[in-house]
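So the structure is just underneath, and the comments pick up after that.
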Amino acid sequence: MHQGPASKRILITSALPYINGVKHLGNLVGSMLPADVFARFMRLQGHEVLFICATDEHGTPAELAALEQGLDVATFCREQHAVQEGLAKRFDLSFDHFGRSSSPQNKELTQYFCRRLEANGYIEERLTKQVYSKTDGRFLPDRYVVGTCPHCGNENARGDQCEACTKLLDPTDLINPRSAVSGSADLEVRESKHLFLLQSKFADRIREWITDKNKENWPKLVTSIALKWLNEGLHDRCITRDLAWGVPVDRPGFEGKVFYVWFDAPIEYIAATKEWADENPAANRDWRSWWKRTGDDTGPEYYEFMAKDNVPFHTVSFPCTIMGANEGIETTGEKPWKLVDYIKGFNWLTYYGGKFSTSGKRGVFMNDAIDLLPSDYWRYYLMANAPETNDSSFTWEHFAATVNKDLADTLGNFVNRAFKLTEKHFGCVVPAGGEPGFADKDLALQTADRLREYERCLEAMEFRKAAQELKAMWTLGNMYFDRMQPWKSIKEDREQTACTLRSAIGLVRFYALCSYPFIPGTSARILEALGLRLEDETWPDGSWPHYGSESVEGRDPNWREGKVLNYSRLVEVGREFSIPGPLFMKITPEQLAEWEDRFTGK
RNA sequence: GGCGGUGUAGCUCAGUUGGUUAGAGCAGUGGAAUCAUAAUCCACGUGUCCGCGGUUCGAAUCCGUGCACCGCUACCA
């Protein structure tokens, strides 16, 4: 892939999947997958992209999951990281680096940010009271203390809230409190010293930042969640915990304490970039250049992808960390750290209208999905139905219908009929002869309009609409076939038919490239059938063979220089191809029934 | 309890600042075609825009209210 002259630097991060267990399709479509589609689009356009993700490894759930499996937490995390990295590969998630929040780099940077914040007066020591379980030998987060609700008598109320009567609770409100970890009732309240980040001091600055002009094109979901937090009043936030697993607090009197997972997790975006640089010293990767503003220049464009549960931490908490650390940073000879330029937030993907649930094993998980079907099936379906402006519902019926109709029947079948028909009459060689006529130019113009809209949608990260445009472009190929009827014209005009089939094969190459962000595996298969390599390809634009303005001018009010591609010249005459066979297998009614049954929906 | 979101065609969803006969895809019905994975293409929408009330020349859109579902409520992440 070539880097164009107008090349931009684009930093993309996906919300970090939590280490605890395999992620489900909702997690995938909410951050990692759309970020990947965007990264692939931008790379193919010739921009310099750095795409960062990592596992979020700290926190109580990781410790407890390790305990349950009889592993020490470090081993557990190492294993689970490998599992998630393997799944990311199988879904063709093209991270430049898939890091770990437990890395030394993150330890170093987390401690650094805390020091910067303290230097600027944003850190305060406070005494807190917390429940300690002697049997478990640990402090318990509020919701890991269970007992009888004083309001409704529910015997399994959690220490933060009773789920039966929805009343908010303190762990000390509970009658007969016990540990959710061991069931032990041997609990006591102990005092503990902790660090607080004085977020309340940032309220005005965060509000100003979130409401400035540049945020007007952010998803409404994102700004409204941020404003909700601001309107409720920013609380100072405890950023340390009495746990063994995490980034240690490097401060006298804080031995045995670690930073709160939500403090160190976003910093891992930066730390993972350093991991990426450190893993290949010979490449001289300048990780700071991705995270620093440089003089008047604001540095790279930075995009974050996440589901709505993550939005507060990326619109409020992490920006506080960055803003607080940046104060007076010039005096240390350092440049300021970058704030995010665009947050793409997603709603929930539901499973038959209900919640995907890891603990309840409800829904479809990445490992199960990828064992059933190749990644492109999932990638296309999920992005075409991404929960962008609203929650959206996964059902097996809908999934099967989409795969069968769009991928197998519209795209797969078009590619197959183009290859098969050419083979039948000319062999597996791109045929010579003929000249494009009215219908060819009509196809080119219509496709150009679709392509322009498709590009606009992808740039704007409107993935659902982008998928619609993509499918519409595939349909134009089928329409072209039905209009030209090469199976009929071959009997009267072999030259003209050669041109038609050559154009169809040109369309095939075109589809391989423009579909690449969504279905990279299929793109690769198509290009391979044509004897082409992705590394040599570019986004279909003016550098591709196109009609000169005189050819179509006067007929088209939407004429745009260099964008109306001449499909009869997209693949050169005489090039040999192979027939890849069906690109997509249809999902049968039997499979559908079996999967619905196995993944207990409804 | 508080806050927020959602409720649009059988299904999944779009509907920019209120502006003519409310949209797309799928499903369904009819037709054309037969190169292809029985795949394609064309045509076809009488929808109390959740209910009620209000503002307005005009409301799916704004306001009030009721109902239903969902989420968050800061120590799960």
Side-chain angles (χ1 to χ4, degrees), chain A residues 15-20 56 58-62 64 128 130-131 139-145 158-161 165-168 171 180 194 199 220-221 224-225 227-229 231-238 241-242 260-262 265 308-313 316-317 347-348 350 353-355 358-359 384-395 397-399 401-402 404-406 408-410 412-425 462 464-465 467-468 471-472 475 477-490 497 501 504 581-586:
Chain A
L16 308 186
Y18 195 63
I19 192 66
N20 188 6
D56 175 15
H58 296 140
T60 312
L64 296 181
T128 64
Q130 283 177 66
V131 175
F139 283 94
L140 296 173
D142 288 356
R143 69 178 56 197
Y144 285 99
V145 183
R158 296 187 323 207
D160 57 340
Q161 180 171 25
C165 69
T166 74
K167 287 221 163 51
L168 294 178
H194 282 291
Q199 287 192 146
K220 271 187 291 185
L221 173 74
S224 74
I225 291 175
L227 287 173
K228 180 195 150 199
W229 274 53
N231 292 340
E232 287 174 1
L234 276 193
H235 301 198
D236 296 336
R237 200 174 175 93
C238 180
R241 291 290 182 277
D242 290 290
Y260 176 41
V261 54
W262 262 117
K308 58 186 169 186
D309 56 333
N310 267 283
V311 166
F313 303 100
V316 177
S317 313
N347 285 286
W348 302 121
T350 65
K355 213 178 170 184
T358 308
S359 52
N385 297 287
E388 286 181 304
T389 52
N390 207 342
D391 289 356
S392 75
S393 174
F394 177 93
T395 67
E397 297 87 336
H398 193 214
F399 173 67
T402 304
N404 290 352
K405 186 67 184 175
D406 295 3
D409 295 348
T410 306
N413 184 49
F414 173 78
V415 170
N416 195 49
R417 66 200 294 212
F419 281 140
K420 282 268 182 74
L421 197 56
T422 306
E423 179 204 25
K424 187 166 173 182
H425 298 295
E462 293 172 15
R464 258 184 121 104
K465 280 190 201 158
Q468 272 178 32
K471 193 208 161 182
T475 297
N478 283 310
M479 286 168 65
Y480 175 70
F481 253 136
D482 284 17
R483 185 172 185 180
M484 301 307 278
Q485 305 186 3
W487 51 90
K488 203 184 255 177
S489 70
I490 187 72
T497 308
L501 291 173
L583 295 174
F584 298 96
M585 300 307 294
K586 291 220 228 188

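Reminder, nothing fancy here: chain letters follow the sequence lines and each chain counts from 1.
- In terms of modelled atom types and a separation under 3.5 Å, the side chain of A/R464 and the main chain of A/A386 share a donor-acceptor contact.
- Within the nucleic acid shown, A/I225 has no heavy atom closer than 4.0 Å to any nucleic acid atom.
- A/N413 is linked by a side chain to side chain donor-acceptor pair (under 3.5 Å) to nothing, counting only residues two or more places apart in sequence or in another chain.
- Distance A/R483 CZ to B/rA36 P: 23 Å, rounded to the nearest Å.
- Across the strands present, B/rU56 finds no partner; the criterion is a Watson-Crick or G-U wobble pair with both atom distances under 3.5 angstrom.
- In this structure, the CG atom of A/L16 is 16 Å from the C1' atom of B/rC76, given to the nearest Å.
- Judged by distance alone, with hydrogens and angles left aside, the side-chain atoms of A/Y260 form no donor-acceptor pair with the main-chain N or O of A/G59 at under 3.5 Å.
- Pairing partner, B/rU46: none, since no Watson-Crick or wobble contact has both distances short of 3.5 Å.
- When the C1' atom of B/rA24 is taken as reference, atom CD of A/E462 falls 15 Å away, rounded to whole Å.
- Pairing for B/rU65 goes to B/rG51, judged as Watson-Crick or G-U wobble with the two contacts each under 3.5 Å.
- The line from CG of A/D309 to CH2 of A/W348 is 3.5 Å long, rounded to the nearest 0.5 Å.
- Nucleotide B/rC26 is matched to B/rG10 when pairs are restricted to Watson-Crick or G-U wobble geometry with both distances under 3.5 angstrom.
- Counting non-hydrogen atoms under 4.0 angstrom, A/G412 reaches a base of the nucleic acid.
- Applying the salt bridge (charged side-chain N to carboxylate O under 4.0 Å, His left out) criterion to A/R237, with sequence neighbours excluded, gives no partner residue.
- A donor-acceptor pair under 3.5 Å links the side-chain atoms of A/N231 to the main chain of A/L227, judged by distance alone.
- Looking at residues two or more places apart in sequence or on another chain, you find no side chain to side chain contact (heavy atoms under 4.5 Å, CB included) involving A/N390.
- Listed by chain and number, the residues in a side chain to side chain contact (heavy atoms under 4.5 Å, CB included) with A/V415 are A/L411, A/F419, A/V508, A/I526, A/L583 (sequence neighbours excluded).
- Distance NE2 (A/H235) to P (B/rC72): 18 Å, rounded to an integer number of Å.
- Across the C1' atoms, B/rA33 and B/rU40 are found 8 Å apart, a figure rounded to whole Å.
- Only the P atoms considered, B/rU73 is 27 Å distant from B/rU12, to the nearest whole Å.
- Counting non-hydrogen atoms under 4.0 angstrom, A/N347 reaches nothing in the nucleic acid.
- Each of A/Q485 and A/H58 was matched to the nucleotide of RNA chain B holding its nearest heavy atom; the match closer to the 5' end belongs to A/Q485.
- Close to B/rU37, at under 4.0 Å from its OP1 or OP2, lies a side-chain N or O of A/K420.
- When rounded to the nearest whole Å, the span between CH2 of A/W229 and P of B/rU73 equals 7 Å.
- Heavy atoms of A/G477 sit nowhere under 4.0 angstrom from any nucleic acid atom.
- Under the side chain to side chain contact (heavy atoms under 4.5 Å, CB included) criterion, A/A401 pairs with no residue at all, not counting sequence neighbours.
- Atoms NZ (A/K355) and P (B/rU6) sit 19 Å apart, rounded to a whole Å.
- Heavy atoms of A/K308 sit nowhere under 4.0 angstrom from any nucleic acid atom.
- A distance of about 16 Å separates the P atoms of B/rA14 and B/rG25, rounded to the whole Å.
- Between the side chain of A/D56 and the backbone N or O of A/P17 there is no donor-acceptor pair closer than 3.5 Å.
- Atom C1' of B/rC42 sits at a distance of 24 Å from the matching atom of B/rU46, rounded to the whole Å.
- Residue A/F584 is classed as a base contact, given a heavy-atom separation below 4.0 Å to a base.
- With sequence neighbours left out, the salt bridge (charged side-chain N to carboxylate O under 4.0 Å, His left out) criterion links A/E462 to A/R456, A/K465.
- Checking B/rC41 for Watson-Crick or G-U wobble geometry (two distances, each under 3.5 Å) identifies B/rG31 as its partner.
- Spacing of P atoms, B/rC49 relative to B/rG4, comes out at 26 Å, to the nearest Å.
- With a cut-off of 3.5 Å on both pairing distances, the Watson-Crick or G-U wobble partner of B/rU73 is B/rG1.
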Inset, instruction - Classify every nucleotide of nucleotides 11-17 of chain B by which part a protein heavy atom approaches to under 4.0 Å, writing B for the base, S for the sugar-phosphate alone and - for neither, in 5'-to-3' order. - result: -SSSS--
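- As a whole-Å value, the separation of A/F139 CZ from B/rC75 C1' is 13 Å.
- Comparing A/T402 and A/L583 by the nucleotide of RNA chain B that holds the closest heavy atom to each, the one mapping nearer the 5' end is A/T402.
- Of the C1' atoms belonging to B/rU56 and B/rG64, the separation is 16 Å, rounded to the nearest Å.
- Closest to the side chain of A/K228, from the set B/rA77, B/rC76, B/rG4, is B/rG4.
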Which pairs, protein N/O on one side and nucleotides 38-41 of chain B N/O on the other, fall under 3.5 Å?
| residue | atom | partner | partner atom | Å |
| --- | --- | --- | --- | --- |
| B/rA39 | OP1 | A/K586 | NZ | 2.9 |
| B/rA39 | O5' | A/K586 | NZ | 2.7 |
| B/rA39 | O2' | A/D409 | O | 3.1 |
| B/rA39 | O2' | A/N413 | ND2 | 2.3 |
| B/rU40 | OP1 | A/K405 | NZ | 2.9 |
| B/rU40 | O2' | A/R417 | NH1 | 3.3 |
| B/rU40 | O2' | A/D482 | OD1 | 3.3 |
| B/rU40 | O2' | A/D482 | OD2 | 3.1 |
| B/rU40 | O2 | A/D482 | OD2 | 3.1 |
| B/rC41 | O4' | A/D482 | OD2 | 2.5 |

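- A/P486 comes within 4.0 angstrom of no nucleic acid atom, judged by non-hydrogen atoms across all strands.
- For A/D242, the side chain to side chain contact (heavy atoms under 4.5 Å, CB included) partners are A/Q130, A/F139, A/S192, A/H194, A/K257, not counting sequence neighbours.
- Protein atom CG of A/D309 is 15 Å distant from nucleotide atom C1' of B/rG4, rounded to whole Å.
- Across the P atoms, B/rU21 and B/rG47 are found 15 Å apart, a figure rounded to whole Å.
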